[in-house]
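Some notes on the structure that comes next.
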Amino acid sequence: MYARVSTSDQSCERQVAELTAFAERGGYNVVGVFKETASGASANRTARNRVLDLAQARQIDAILVSELSRWGRSTQDLLETLNRLAAWKVSVVAMSGMTFELDTPHGRMMATMLAGIAQFERDLLSERVKSGLAAARARGKKLGRQPGQRPKSDKFAPRVLQAVAEGRSYRWIARDLGISKNTVTDIVKRHREQTL
């Protein structure tokens, strides 16, 4: 069972109780209860990742959710995870009684509808972005990184220059700071040009 829950203890207990009762009515053997407190928009959803790991290891046959929107961050995310689960022969069952198994005619129809909705959402988002950019240009706003702005390298510059002064190699500095060797080279080059 998988539930994305609010921070309220009462709400959490209610959702888990409802899912447990649903599992009992459906004759499911509950392997585990996974409570997700991360935002639905978050890509880092630890509980969901643990459920996916169980599915991939073929340790579960179905995932019970209170509602489908609790499983996917977006229609596209939902469709992608349903396809992954289908490859592992794991179905997603919502408390509404709707089962998503993409190897059935009903499941394929749902996947087709979800794919259409996902494309529609992407198109709407693209139109909103283009409209917003056009409106910003019309107001005279300059878009993109402005000349001379290097937020990442400016942030790391003092540490890079300190490491260079200590005799560290560019490769070592890049690895240590988690930046590219080219960024290290650019920082050192700009510093030398400024000091001339």
Measuring from [X]:[atom1] to [Y]:[atom2], what's the distance to the nearest 0.5 Å?
X	Y	atom1	atom2	result
Arg175	Arg168	CZ	CZ	10.0 Å
Asp53	Ile60	CG	CD1	10.0 Å
His191	Asp186	NE2	CG	14.5 Å
Thr46	Phe34	OG1	CZ	12.0 Å
Gln56	Leu85	CD	CG	10.0 Å
Leu82	Asp77	CG	CG	9.0 Å

Looking only at non-hydrogen atoms, find the nearest pair between [X] and [Y] and report the distance.
X	Y	result
Leu161	Val188	CD2-CA, 4.4 Å
Leu177	Phe156	O-CE2, 3.8 Å
Lys35	Ala47	O-CB, 3.7 Å
Phe22	Ala94	CZ-O, 3.4 Å
Leu64	Ala23	CD1-CB, 3.5 Å
Ala87	Arg58	O-NH2, 3.9 Å

Salt-bridge criterion met for Glu80 and Arg84 (N-O under 4.0 Å)
no

Kindly check if the number of other-residue, nucleotide or ligand heavy atoms within 6.0 Å of CZ (Arg171) is above 12?
no

Would you say CG of Asn83 has more than 12 non-hydrogen atoms from neighbouring residues, nucleotides or ligands within 6.0 angstrom?
yes

In sequence, state the C-alpha distance, the side-chain angles, and the governing distance for Val30 and Thr20, and then conclude on side chain to side chain contact (heavy atoms under 4.5 Å, CB included).
CA-CA 8 Å; Val30 177; Thr20 303; 5.7 Å; no

Determine, stepwise, if the pair Leu143 / Leu133 fulfils side chain to side chain contact (heavy atoms under 4.5 Å, CB included).
CA-CA 8 Å; Leu143 304 175; Leu133 291 173; 3.7 Å; yes

Paired with Ile63, the side-chain contact (heavy atoms from CB on, under 4.5 Å) test is passed by just one of Thr81, Val31, Val90, Val93, namely Val90

Could you walk me through whether Val164 and Tyr170 pass the side chain to side chain contact (heavy atoms under 4.5 Å, CB included) check?
CA-CA 8 Å; Val164 168; Tyr170 289 9; 4.1 Å; yes

